[in-house]
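Keep in mind the model is a prediction, meaning the values are calculated, not measured.
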Amino acid sequence: MQANTRAIYMLPYYVWIVLFVVAPVVLVAYYSFFDVDGNLTLQNYRTFFTPVYMQMTLSSFWYAFLVTLFSLLIAYPAAYLLTRTKHRQLWILLIILPTWINLLLKTYAFIGIFGTYGPVNALLGAIGIGEQQLLFNAFSFVFVSVYIFVPFMILPIYNALEELNPTLISAARDLGASGWTTFRRVIFPLTLSGVKSGCMAVFIPSLSLFMITRLIAGNKVITLGTAIEQHFLVTQDWGMGSTVAVVLIIAMAVLMLLTGGFGQEVRHGK
Amino acid sequence: MGNKNKWGNLYLVLVFAVLYAPILYLMYYSFNSAGNMHEFEGFTWQWYGEVFQDTRLMIILINTLVIALLSSAIATIIGIIGALAIDRIQRRRLKDAVLSLNNVLIVSPDVIIGASFLILFTIVGIKLGFASVLISHIAFSIPITVLMILPRLQEMSPTLVDAARDLGASRRDVLARVILPFIKQGIFAGFFMAFTYSLDDFAVTFFVTGNGYSTLSVEIYSRARQGVALSINALSTLIFLFTTALVVGYYMINRRAQTRTRRSEPAAEMGVPR
């Protein structure tokens, strides 16, 4: 067939790439050089490197790190145990199911659960610790984020463990390795790819969760995502918002390079 | 060993309990006549009645479904084209480059997608509302449909197409009678994923809806910001049941189709990172 007819029917896809993949990134980069009044300036970047923004960036990364760490600590054993169950398919489906429930509904549930009169506080009161302010602080942000991301950490690790050849574990045990040594020297290194893609699938979205910070953390935690939302939709300072977005894009790219390229991580944390 | 198993099972039970607790908690209080989420007074259908009488909410629900159906249908069509385009590229590096571009929207944080689309629509002059939401949903659904269809396409033996051509099939026939039926399952999976992405999306939609146009998640967000309202609980119960039916139905159909072809892998089919 003629090369040009081919090109024509493939046009919609390539148009999509240009308009919705390339152009948005270019536009964000372009807008980051303008101030509120539309003047070309480097002021946004200067503002970004002031202590206020630097601290916000650092704390955003710190919280994302915490969320990723706790997700991993909870998910790894869970994934490992899941590979050992009967009816694995069913259990994995049950892990996947909550991820299909709207993120906002799950977040909203925690307003009730962590509320002053909620069940967690009732429990704390009953065992003598007393009522605590659980909502509107860093704790609730990390807890709810981990809650939301754990399935996305479990799945890639589970898949990596599934692919692991069981004879390797038997061999390690036969050669006298203890359970812990087998895990540390054989199982964990061989499932590292799953751990990596799980961490990627958690870390990047945690940098940009603005709805959880708004609903649960009561603006006590400000992530890069919160800052972008604030600049775009509240203060209408698109230039500054774009600057933060550029920083987030660069951070993302660096992380991808460090962890070995573009995976096919699934989108989540919507 | 038995003891170890017991602890393991206990841990799993705990993980599942925590995973489902908030959802069940929401559902339980949707029947609470006291109107709050901490003291169960008595059973009532009141909040469900409220959901169905809320015309604004019903309009939003219809909006959400219309957007989801339209955007996933269009995204699937462009996704098929994209998968065919990528499959046809011979040079390995070019193929990888296009695939990387394809995946950009999958790995980007929603806030950035939302903000950059907002800039784009403003520059091009598209009014924020139905059109902007529809276009963005199509845009962020395309890459996942491509990723669902491409593997099926690559499984297909090229001799199949050659044979059809040799037997005198036109280019169009080859596409309609050979390629599309072969990749049907991927197309179906892509459509389903796009549909649920669209239903679920909050962050991107939040950026590109203007005043007056709203989808379910944007509405839930603005209501939740005002505090606890049990009509949200009732609504979420309905959504949960709907989603469960959708996922289970999809899983069953898929499984039936797959028992004929290969071992079923729900994780892979659902676009989960592997």
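- In this structure, CG on B/Leu19 lies 9.0 Å from CG on A/Leu94, to the nearest 0.5 angstrom.
- Interface summary for chain A: among B/Val18, B/Ile232, B/Thr244, B/Val15, the most heavy-atom pairs under 4.5 angstrom belong to B/Ile232.
- Contact count versus chain B (heavy atoms, under 4.5 Å) is highest, among A/Ala160, A/Gly241, A/Ser193, A/Ser208, for A/Ser208.
- The minimum heavy-atom distance linking B/Gly8 with A/Leu81 is given by the pair O-CD1, 3.4 Å.
- No part of A/Leu207 comes within reach of chain B, as not one of its non-hydrogen atoms sits under 4.5 angstrom from that chain.
- A/Leu248 and B/Pro109 get closest at one heavy-atom pair: CD2-CG, 4.2 Å.
- Considering only heavy-atom pairs separated by less than 4.5 Å from chain B, the leading option among A/Tyr108, A/Phe110, A/Tyr30 is A/Tyr108.
- Interface summary for chain B: among A/Leu224, A/Leu233, A/Ile249, A/Ile17, the most heavy-atom pairs under 4.5 angstrom belong to A/Leu233.
- Proximity to chain B is limited to the side chain of A/Ser242, based on heavy atoms less than 4.5 angstrom apart.
- The two residues B/Pro22 and A/Ile113 come nearest to each other via the heavy atoms CA-CD1, 3.7 Å.
- Here B/Leu26 is the residue among B/Leu14, B/Leu26, B/Leu199 with the most heavy-atom pairs under 4.5 Å with chain A.
- A ring-centre distance under 6.0 Å is found for A/Phe20 and B/Phe117.
- For the options A/Arg214, A/Lys106, A/His231, heavy-atom pairs under 4.5 Å to chain B are most numerous at A/Arg214.
- In terms of heavy-atom pairs under 4.5 angstrom with chain A, the leader among B/Ser116, B/Ser136, B/Ala21, B/Gly114 is B/Ser116.
- Scanning all heavy atoms of the two residues, the minimum distance from B/Ile81 to A/Met10 falls at CG2-CA, 3.6 Å.
- With values rounded to the nearest 0.5 angstrom, B/Ile77 atom CD1 is found 15.5 Å from A/Tyr13 atom OH.
- Between B/Phe195 and A/Trp100, the gap from one ring centroid to the other reaches at least 6.0 Å.
- With values rounded to the nearest 0.5 angstrom, A/Ile101 atom CD1 is found 8.5 Å from B/Ser236 atom OG.
- Side-chain atoms of A/Met256 and B/Val107, non-hydrogen and from C-beta on, do get closer than 4.5 Å to each other.
- The heavy-atom pair separating A/Val21 from B/Leu101 by the smallest distance is CG1-O, 3.5 Å.
- For chain A, the nearby part of B/Tyr25 is the side chain; its heavy atoms alone come within less than 4.5 Å.
- Using a 4.5 Å cut-off between heavy atoms, B/Val146 contacts chain A through its side chain alone, with no backbone atom that close.
- Contact count against chain B (heavy-atom pairs under 4.5 Å) is highest for A/Ala78 among A/Ala245, A/Ala78, A/Gly225.
- Rounded to the nearest 0.5 angstrom, A/Tyr31 OH and B/Leu118 CG are separated by 9.0 Å.
- To the nearest 0.5 Å, atoms CG (B/Asp110) and CD (A/Glu229) are separated by 13.0 Å.
- In this structure a side-chain-to-backbone donor-acceptor pair under 3.5 Å is missing from B/Tyr11 to A/Pro77.
- Of all the listed residues (A/Val22, A/Ile204, A/Val150, A/Ile74), the one sharing the greatest number of non-hydrogen pairs under 4.5 Å with chain B is A/Ile74.
- Note: B/Ile142 leads B/Ile142, B/Ile239, B/Asp96 in heavy-atom pairs under 4.5 Å with chain A.
- Between B/Phe207 and A/Phe210, the ring planes are perpendicular. Angles over 60° get that label, and only those under 30° would be called parallel.
- Between the CD1 atom of B/Ile23 and the CG atom of A/Leu105 there is a distance of 9.0 Å, given to the nearest 0.5 Å.
- Only the side chain of B/Thr122 has a heavy atom closer than 4.5 Å to any heavy atom of chain A.
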Steps toward side-chain contact (heavy atoms from CB on, under 4.5 Å) verdict (B/Asp200, A/Leu103): CA-CA 8 Å; B/Asp200 223 30; A/Leu103 171 97; 5.8 Å; no
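- Between B/Phe16 and A/Trp91, the ring planes are tilted. Angles from 30° to 60° get that label.
- The minimum heavy-atom distance between B/Ala139 and A/Trp16, with the atom names listed, is O-NE1, 3.0 Å.
- Among B/Ile220, B/Thr243, B/Ile119, B/Ile135, the residue making the largest number of heavy-atom pairs under 4.5 Å with chain A is B/Ile119.
- Of the atoms belonging to A/Ile157, not a single heavy atom falls under 4.5 Å from chain B.
- Of the atoms belonging to B/Ile78, heavy atoms from both backbone and side chain fall under 4.5 Å from chain A.
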